[in-house]
*Asks:* 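Okay, handing you the structure first.
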Amino acid sequence: MSARQVRIRELPADHVRFLRALRLIGDMDLKQATQLSSYLRGVSNPVVTAGLQPDVAEHIADALREAGASVVVEDCSIDTPMLCCPPANEKFVWSLFRGILKAD
């Protein structure tokens with residue numbers, strides 16, 4: 001069975017419903033969902049999830065559609081499930097007290 005990815009074509013006007021959908025599909029808190037939403041609003045046609053089974057991809061797409069987003073499910077070459085995470089494209093360092101800080 002081929003893996004699928006979920007791409008957002010157009011974000012909804014209702015920010016609250018979209019945040020609820022992101023929290024549901026990503027099992028994230030409100031702060032994480034808000035950060036992801038802000039990131040997605042600055043990216044054209046983002047892939048939100050990839051490497052999913054077709055039924056899971058359709059479930060996520062339906063949740064986003066119910067929130068008002070225009071979404072498409074596409075074939076994907078990635079076979080490991082992934083969720084869009086903007087900090088993955090950032091550099092981090094250990095702080096003095098063993099916390100993690102974003103590098104400059």
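All heavy atoms count here, side chains included; hydrogens, waters and symmetry mates do not. Counting begins at 1 with the first residue of the sequence.
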*Asks:* For residues G51 and C76, report the shortest heavy-atom separation together with the two atoms involved.
*Replies:*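 Where G51 meets C76 most closely, the heavy atoms are N-SG, 3.6 Å.
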*Asks:* Are M82 and I8 in one and the same hydrophobic cluster, where Ile, Leu, Val, Met, Phe, Trp and Tyr link if side-chain heavy atoms are under 4.5 Å apart?
*Replies:*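 Different clusters: M82 never reaches I8 through Ile, Leu, Val, Met, Phe, Trp or Tyr contacts under 4.5 Å.
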*Asks:* Which distance, rounded to the nearest 0.5 Å, do you find between the CG of L30 and the CZ of R20?
*Replies:*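 Reported to 0.5 Å precision, the distance equals 10.5 Å.
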*Asks:* Is it the case that atom CZ in R7 sees more than 12 heavy atoms from other parts of the structure closer than 6.0 Å?
*Replies:*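 Atom CZ in R7 is packed in, count exceeds 12.
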*Asks:* For D27, does the CG atom have more than 12 heavy-atom neighbours from other residues, nucleotides or ligands under 6.0 Å away?
*Replies:*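 Not more than 12 within 6.0 Å, no.
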*Asks:* Less than 4.5 Å apart, any side-chain heavy atom of I78 and any of Q5?
*Replies:*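 In short, these two side chains do not touch, never coming nearer than 4.5 Å.
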*Asks:* Is the count of non-hydrogen atoms from other residues, nucleotides or ligands lying under 6.0 Å from M28 atom CE greater than 12?
*Replies:*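 Yes, because the 6.0 Å sphere around CE of M28 holds more than 12 heavy atoms from other groups.
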*Asks:* For residues H59 and Q53, determine if any side-chain heavy atom of one lies less than 4.5 Å from a side-chain heavy atom of the other.
*Replies:*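 No, their side chains stay 4.5 Å or more apart.
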*Asks:* Where is the tightest heavy-atom contact between A21 and A63, given as atom of each residue plus distance?
*Replies:*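 In terms of heavy atoms, the two residues are closest at CB-O, 3.8 Å.
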*Asks:* Between CZ of R41 and CG of L36, what distance do you get to the nearest 0.5 Å?
*Replies:*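 CG of L36 is found 10.5 Å from CZ of R41.
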*Asks:* Does the side chain of E58 come within less than 4.5 Å of D55's, by heavy atoms?
*Replies:*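 Of all side-chain heavy-atom pairs linking E58 with D55, none is under 4.5 Å.
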*Asks:* Tell me the closest heavy-atom pair linking R4 and A57, and the distance in Å.
*Replies:*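 Taking R4 first and A57 second, the nearest heavy atoms are CB-CB, 3.6 Å.
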*Asks:* Against I60, only a single residue in L83, L52, V48 fulfils side chain to side chain contact (heavy atoms under 4.5 Å, CB included); can you say which?
*Replies:*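 Per the side chain to side chain contact (heavy atoms under 4.5 Å, CB included) rule, the option paired with I60 is L52, out of L83, L52, V48.
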*Asks:* Is it the case that one hydrophobic cluster holds both F18 and V43, taking links as side-chain heavy atoms less than 4.5 Å apart, direct or via other members?
*Replies:*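 Linked within one cluster.
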*Asks:* If you compare all heavy atoms of S37 against all heavy atoms of L19, which two are closest, and at what distance to 0.1 Å?
*Replies:*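 S37 and L19 have their closest heavy atoms at CB-CD2, 3.8 Å.
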*Asks:* For a 4.5 angstrom cut-off between non-hydrogen side-chain atoms, does L64 reach V6?
*Replies:*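 Contact flag for L64/V6 side chains = yes.
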*Asks:* Is D29 salt-bridged to R23, going by a charged N under 4.0 Å from an acidic O?
*Replies:*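 Salt bridge: no.
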*Asks:* Could you list who else is in L96's hydrophobic cluster, with ILVMFWY side chains joined at under 4.5 Å, directly or through other members?
*Replies:*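 Same cluster as L96: F97.
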*Asks:* For the residue pair V72 and R9, what are the closest heavy atoms and their distance?
*Replies:*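 In this case the closest contact between V72 and R9 is CG1-NE, 3.5 Å.
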